[in-house]
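The figures here come from the full heavy-atom set of this structure, side chains too, leaving out hydrogens, waters and symmetry mates. Every chain is numbered from 1 and lettered A, B, ... according to where its sequence line falls, protein lines coming before strand lines.
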Amino acid sequence: MFATQVYGDNGKMKEYHYTGPVEHRFSPYSFNGGTVLAVAGEDFAIVASDTRLSEGYSIHSRDSPKCYKLTDTTVIGCSGFHGDCLTLTKIIDARLKMYKHSNNKCMTSGAIAAMLSTILYGRRFFPYYVYNIIGGLDEEGKGAVYSFDPVGSYQRDTYKAGGSASAMLQPLLDNQIGFKNMEGVQHLPLSQEKAVQLVKDVFISAAERDVYTGDALRICIVTKDGIKEETVPLRKD
Amino acid sequence: MALASVLQSESVDFSNYGRQRHGFASGLYEAELGLESVGGDRLSFALSTSCSNEDGPDRKIEFLHGTTTLAFKFQHGVIVAVDSRATAGSYIASQTVKKVIEINPYLLGTMAGGAADCSFWERLLARQCRVYELRNKERISVAAASKLLANMVYQYKGMGLSMGTMVCGWDKTGPGLYYVDSEGNRVCGDLFAVGSGSMYAYGIVDSGLKQKDLTVEEACDLGRRAIYQATYRDAYSGGQVNLYHVHSEGWTRVSQSDVLMLHQQYQAEKA
């Protein structure tokens, strides 16, 4: 299983050697990597992300977590283009404050999700290159996960992986949490300890096979008692 | 423009946005789409236009909308059946998407094309329908609702919106079914199937609708079977079949069936 490379006319690899004149264009985006994951339980929610910030073949930072705390009951994970992640979280924080001042209460997870959808769609023709996943508790105290695409389409899930290693993590979650494609298996509800252990295992696997994922794992556990953070080391290569 | 008025707090001047950015944006699209094919496309019930950068900025590959949605009128109202798969390129992003939007208790909208485009504009349509009700003290007709939607997206024609939707409902003239898309089409009809799996669905519904007087049960079975067959043959459709029935009292959610279960059920019936 060798990676397929694109070859130019002179037989050399296009992205690595000089293969002839190429028109360069300024791109306002760049891909900074990173993987985010969120799981909703009966009375808790977990949002986890790796902490590697990369660009091309380089690593900019090994300590750049992608989970941001929004309220006491909501955490957002953003991966993709770091510049847009920073701006987006600033905008969300500002809108949360405005809501708090005009309505005298904190925004609920569902409301934040709906608001984020319209913020993202507002830039429909020059999108925020960010893959968002919101994890938190809903009004009844149950865990809620909302996953987004870059232009604002969203839905509520039980679990979701986003970012560079999402295609590797999602099938494993489908099997272990969703019990998909398994027959004759008892559907046990997910406990908090089991969920945290699963998240750690799943990221260890992702770091093995995805170059943009690694260095450390930041886990935010949201319960009615607040938000607890845990950091676990991952492969640094 | 409608988009600007909803998003006033963003204080973005949308009237210039498309025009000013257009030269930049079209270049941007090619470069961005190149990135998207690596990092995962924006979520779509479609394969949005992607291009291979190596062949120069003008090469665009058009794909069909990856989904199957269908709706047909019959004696007792309208049946609406949809699949629930959302793809980002060739990655299945979700198998549990709600492609039927409940605009109000007697109007439904289906989604095909760009997920964000469909859900945003139909949510805006719900708001406009509510405003109409408050102003005129009566429910909006299906024809008027579909016209509102068609006019809203027509302002953005050519700017890259991707939306193929069916507006289904019951008003004082009886059952209503309109197909509206982002190209500006708005057609009234008795049967529509939209998406990459539409041809397979048409085959089933056309043969089943020959008998003129279907009962509600038979019509639901027909709709379910049509979507199931489409998911069987179309790689970009799958997940669950969501079935709705629109009648004089409004709409009812009939069933949500996993395609795997339906497969086993139909296999058993064959034997």
Rounded to the nearest 0.5 Å, what's the gap from NZ on K180(A) to CG on L260(B)? Could you check? 11.0 Å

Contact summary for K98(B) and Q155(A), nearest pair of heavy atoms: N-OE1, 4.4 Å

Under 6.0 Å from the NZ atom of K142(A), do we count more than 12 heavy atoms belonging to anything else shown? no

Return yes when atom CZ of R253(B) has more than 12 non-hydrogen atoms of other residues, nucleotides or ligands closer than 6.0 Å, and no otherwise. yes

For Y154(B), is the OH atom crowded, meaning more than 12 foreign heavy atoms sit under 6.0 Å from it? no

Other residues, nucleotides and ligands only: do more than 12 of their heavy atoms fall within 6.0 Å of OH on Y232(B)? no

If we only count heavy atoms from C-beta on, is the D174(A) to Q95(B) side-chain gap below 4.5 Å? no

Over all heavy atoms of both residues, which pair between T118(A) and R123(B) is shortest? Give the atoms and the distance, please. CG2-NH1, 4.1 Å

Closest non-hydrogen atom pair, F125(A) against M159(B): CE2-O, 3.2 Å

Out of curiosity, K160(A) NZ to S94(B) OG, how far, rounded to the nearest 0.5 Å? 5.0 Å

Shortest non-hydrogen contact from V151(A) to A116(B)? O-CB, 3.5 Å

Determine whether more than 12 heavy atoms belonging to other residues, nucleotides or ligands lie under 6.0 Å from atom CD of Q264(B). yes

If you define the side chain from C-beta out and look only at heavy atoms, does anything of Y156(B) sit under 4.5 Å from R124(A)? no

Please report, to 0.1 Å, the donor-acceptor pairs under 3.5 Å made by any side chain of residues 103-112 of chain A, with sequence neighbours excluded.
{"from": "T108(A)", "atom 1": "OG1", "to": "A111(A)", "atom 2": "N", "distance (Å)": "3.3"}
{"from": "S109(A)", "atom 1": "OG", "to": "T74(A)", "atom 2": "OG1", "distance (Å)": "3.3"}
{"from": "S109(A)", "atom 1": "OG", "to": "L137(A)", "atom 2": "O", "distance (Å)": "3.0"}

Tell me, for L161(B) versus chain A, whether the close heavy atoms (under 4.5 Å) come from the side chain, the backbone, both or neither. both

